[in-house]
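What follows is a set of notes on a single structure, which appears directly below.
Per chain, numbering begins at 1; letters A, B, ... match sequence-line order. Quantities reported herein were computed from a predicted structural model and do not represent experimental measurements. Just so you know, these numbers use all the heavy atoms, side chains as well, and skip hydrogens, waters and symmetry mates.
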Amino acid sequence: MSVRVRFAPSPTGYMHIGNARTALFNWLFARKLQGVFILRIEDTDMQRNVEDAIDVITAGLSWLGMDWDEGPGVDGEFEPYYQSQRLQLYRDHARQLIKNKQAYICRCHKSGDDDSECDCRLDMTDADAETDLDGGLAVRFLNPGGTTEFEDIVQGKLSFENEQFGDFILIKSDGTPTYNYANVVDDHAMQITHVARGDDHVSNTPRQLMLYEAFGFEPPEFAHLPQIMAPDGGRMSKRHGASSLNELQERGFLPEAAMNYLALLGWSPGDEREYLSPEELISEFDLQRVSKSPAQFNMKRLIHINSLHMENTPLERRARLAAGILVDRGLLNQADVEQPRVMDRVAAVVEALGTRFKYGEQILEYGEHFFSDAPPEIDSELYSYLEERQVRGALREAGERLSGLSDWSLEAIEEVVRGTAEEHGLKAAPLIHAIRVSLSGSTVGPGLFTLVHLVGQDQSYRRIQAALDTVPAQD
RNA sequence: GGCCCCAUAGUCAAGUGGCGAAGACACCAGCCUUUCAAGCUGGAGACGCGGGUUCAAUUCCCGCUGGGGUCACCA
């Protein structure tokens, strides 16, 4: 029988990185074993905006490159894949448990923070099995006591005293099922063979195992994945930046690089490889090799992994990535991007940036001025590059000679710059730096002649003039 | 606090009853270079602590400390 796994998120409108990694491990596991990957929406407690929230999930998975065999948009044998559409199933199963005296109607309406005992188990009657379960009264599980033990694929042998979980709720008084209960009913109904989820669910597992036992269902295998923690060691949250899949996309990371990085959080192929394509991840992945200890999210390492993937990404795609960011930040508009001439320019800039362009957002760090007609702002800290009289003289002349150049080639530009420097008794470096700051407002970037070439003849002249005007001479 | 889990450098992470304890990111220095990035060379940096078991523990056991998770009619 083939392996069947599921990713069962709650539609919160936010695709957390930890959830994404959970989905990824399930997907890799299924793809490796040629099993089935199911997307199931746990929306029993959600109201309104569920559609949008589900879009966040499906868009996130699709962006990362994961596809599902059953779920929203891909209805299969076990539909529906929304818990909110499966209420009758949960009620029918609950009725069965009540009939067997393994569950009972709770009439006392005790809330969760009232820790006094609920005595409703003493009032069980045969009539309970006939009671409506579509609202008004909650159903509790009759905890059988004893010990639950299981072998977790990543955590190893785990053991719990059942008593500590009490007679937990199965059906809430509004008629909807609780998480632990719906999970068991659905996982069984959908013939799930392996449950891989965050390790914050370990203590839910004994509860669910008691239910499998009560129903006489065979339980799936469990694999509890370690948590992903924020760079400061605490919980991942919005304030850490890049805590959601969406942010990774917005900041211009390649999906296959994000997948690669996420896979390496809590798992490794066992050797020193770190660059793995989706195909390699699939063939190498092994739940047994998942670590038990939590891993911290590290942006620098993500950037590094991304840069590795960028090296193997065709210029055209890198250019599109850059263009997406530029449009996003208002430096280009969508109509511009449709024009081949504009895209050619973006591509030329990206090509000039080379390995400096490690992920999408960096187009702004290095290349913002390429997409603006205004001369760049020159920070006063950079004035020293433009203050010396000798340098200024050379800069002025270089600007003029550049603007008179009839052959706008790298070679000609270089000749002008080096020649001018020499004639002014300067080494090339100070003039090169002065031109760079004038043209880009920065001390870092592509080779100077490439920079001048890309900025263009007219703009180069104007920016040099503007820089000379802005920065006062100094003796 | 009860219960469960974890513990190799700042981070990710390989690994074993006997090793000079991999590798990567980050960091430092040098080379290259018009700058940065990349590349190359070199460097610093780890088995949390205390007891056992053993000829020998980073590795096995116990305790401690530290960290995480969970204790709902949320999922």
Side-chain angles (χ1 to χ4, degrees), chain A residues 8-12 19 42-46 83 106 109-115 118 137-140 152 154-156 158-161 163-166 168-183 197-207 224 226-227 229 231 233-235 261 264-275 289 291-305 307-308 311 353-358 362 365-366 385 414 417-418 421 427-437 440 442-451:
Chain A
S10 166
T12 58
N19 283 131
E42 311 235 331
D43 58 350
T44 57
D45 194 53
M46 313 299 294
Q83 288 191 331
C106 173
H109 295 101
K110 283 218 160 69
S111 66
D113 34 85
D114 179 352
D115 55 4
C118 163
L137 294 171
V139 178
R140 283 184 187 276
D152 189 282
V154 346
Q155 306 287 334
L158 260 20
S159 171
F160 296 85
E161 292 306 317
E163 184 207 0
Q164 64 185 303
F165 304 112
F168 54 90
I169 300 281
L170 266 23
I171 304 264
K172 295 177 261 179
S173 54
D174 66 359
T176 62
T178 56
Y179 165 80
N180 281 304
Y181 174 62
N183 239 260
R197 70 224 307 192
D199 68 9
D200 49 331
H201 287 295
V202 290
S203 64
N204 285 319
T205 311
R207 286 178 246 245
H224 286 96
Q227 221 89 137
M229 296 195 307
R235 267 182 106 103
Y261 177 69
L264 258 16
L265 242 28
W267 173 83
S268 86
D271 51 41
E272 54 188 67
R273 280 176 299 166
E274 56 171 359
Y275 176 90
R289 285 196 57 83
S291 156
K292 288 185 178 192
S293 46
Q296 281 187 25
F297 183 87
N298 186 306
M299 182 58 85
K300 291 214 167 123
R301 189 152 163 81
L302 201 213
I303 291 172
H304 173 251
I305 297 287
S307 72
L308 261 23
E311 283 176 29
L353 255 22
T355 56
R356 278 162 279 249
F357 187 49
K358 297 179 177 178
Q362 277 183 322
E365 274 168 53
Y366 285 110
Y385 289 97
E414 175 161 6
V417 173
R418 291 198 189 279
K427 292 205 170 209
L431 178 57
I432 283 173
H433 292 145
I435 297 176
R436 177 186 299 288
V437 169
S440 69
S442 168
T443 59
V444 303
L448 193 268
F449 314 121
T450 303
L451 175 66

Quick one: ring-ring contact (aromatic ring centres under 6.0 Å, His included) partners of A:F160, sequence neighbours excluded? none
For A:F449, ring-ring contact (aromatic ring centres under 6.0 Å, His included) partners two or more places apart: none
d([atom1], [X]; [atom2], [N]) in whole Å:
| X | N | atom1 | atom2 | result |
| --- | --- | --- | --- | --- |
| A:Q83 | B:A75 | CD | C1' | 9 Å |
| A:K427 | B:U33 | NZ | C1' | 14 Å |
| A:L264 | B:A13 | CG | C1' | 8 Å |
| A:L308 | B:G39 | CG | C1' | 14 Å |
| A:M229 | B:A7 | CE | P | 13 Å |
| A:I303 | B:A37 | CD1 | P | 14 Å |
| A:E365 | B:A37 | CD | P | 12 Å |
| A:L265 | B:C12 | CG | P | 8 Å |

Can you list the residues that meet the salt bridge (Lys or Arg N to Asp or Glu O under 4.0 Å) rule with [X], with sequence neighbours excluded?
| X | answer |
| --- | --- |
| A:R301 | A:E274 |
| A:R418 | A:E414 |
| A:R289 | none |

Determine the Euclidean distance between corresponding [atom1] atoms of [M] and [N]; express it in Å to zero decimal places.
| N | M | atom1 | value |
| --- | --- | --- | --- |
| B:G67 | B:U8 | C1' | 15 Å |
| B:A56 | B:U16 | C1' | 13 Å |
| B:C5 | B:A38 | C1' | 42 Å |
| B:A57 | B:C19 | C1' | 13 Å |
| B:A26 | B:U65 | C1' | 28 Å |
| B:A7 | B:C49 | C1' | 12 Å |
| B:G69 | B:G51 | C1' | 29 Å |
| B:A44 | B:G2 | P | 45 Å |

Is any side-chain N or O of [X] closer than 4.0 Å to OP1 or OP2 of [N]?
| X | N | answer |
| --- | --- | --- |
| A:R235 | B:G67 | no |
| A:S442 | B:U35 | no |
| A:R273 | B:C12 | no |
| A:R356 | B:U35 | no |

By nearest heavy atom, map A:A428 and A:D200 onto RNA chain B; which one lands nearer the 5' end? A:A428
Nearest-nucleotide 5' precedence on RNA chain B, A:F357 against A:I169: A:F357
How would you label the contact of [X] with the nucleic acid (heavy atoms, under 4.0 Å): base, sugar-phosphate, or nothing?
| X | result |
| --- | --- |
| A:P446 | base |
| A:R197 | nothing |
| A:G354 | nothing |
| A:T443 | base |
| A:N204 | base |

Across nucleotides 21-27 of chain B, 5' to 3', mark each nucleotide with B, S or - according to how protein heavy atoms within less than 4.0 Å reach it. --SBSS-
Is there side-chain contact between A:N183 and A:E42, with heavy atoms separated by less than 4.5 Å? yes
Of the nucleotides [options], which has the atom closest to the [X] side chain?
| X | options | result |
| --- | --- | --- |
| A:Q296 | B:A75, B:U11, B:A14 | B:U11 |
| A:H201 | B:C73, B:A75, B:U34 | B:A75 |
| A:T355 | B:A38, B:A75, B:U34 | B:A38 |
| A:Y366 | B:U35, B:C36, B:G69 | B:C36 |
| A:I432 | B:C73, B:U34, B:C36 | B:U34 |

By side-chain hydrogen bond (donor to acceptor under 3.5 Å, both in side chains) - contacts of [X] (at least two apart):
| X | value |
| --- | --- |
| A:N180 | A:N204, A:Q208 |
| A:S291 | A:S293 |
| A:Q296 | none |
| A:D199 | A:Q227 |

Please check if the side chain of A:R436 supplies one atom and the backbone of A:P446 the other of a donor-acceptor pair under 3.5 Å. yes
Between A:A138 and A:I169 the two heavy atoms that sit nearest each other are CB-CD1, 4.0 Å
Contiguous Watson-Crick or G-U pair runs (3 or more, under 3.5 Å) in RNA chain B: B:1-7 with B:65-71, B:10-12 with B:23-25, B:27-31 with B:39-43, B:48-52 with B:60-64
What distance do A:Y179 atom OH and A:Q83 atom CD have between them, rounded to the nearest 0.5 Å? 9.0 Å
Would you give the length of the straight line joining atom CZ of A:R140 to atom CZ of A:F168, rounded to the nearest 0.5 angstrom? 11.0 Å
Ignoring hydrogens and geometry beyond distance, is the side chain of A:S173 in donor-acceptor contact with the base of B:C73 at under 3.5 Å? yes
Give a yes or no on whether a donor-acceptor pair under 3.5 Å exists between the nucleobase atoms of B:A75, that is its base, and the side chain of A:S10. no
Distances under 3.5 Å only, N/O to N/O: pair up the protein atoms with those of nucleotides 3-6 of chain B.
from: B:C3; atom 1: O2'; to: A:Q164; atom 2: OE1; distance (Å): 3.4
from: B:C5; atom 1: O2'; to: A:Q155; atom 2: OE1; distance (Å): 3.2
from: B:C6; atom 1: OP1; to: A:K292; atom 2: NZ; distance (Å): 2.3

For the side chain to side chain donor-acceptor pair (under 3.5 Å) test, which of A:H201, A:K292, A:R197 pairs with A:H224? A:R197
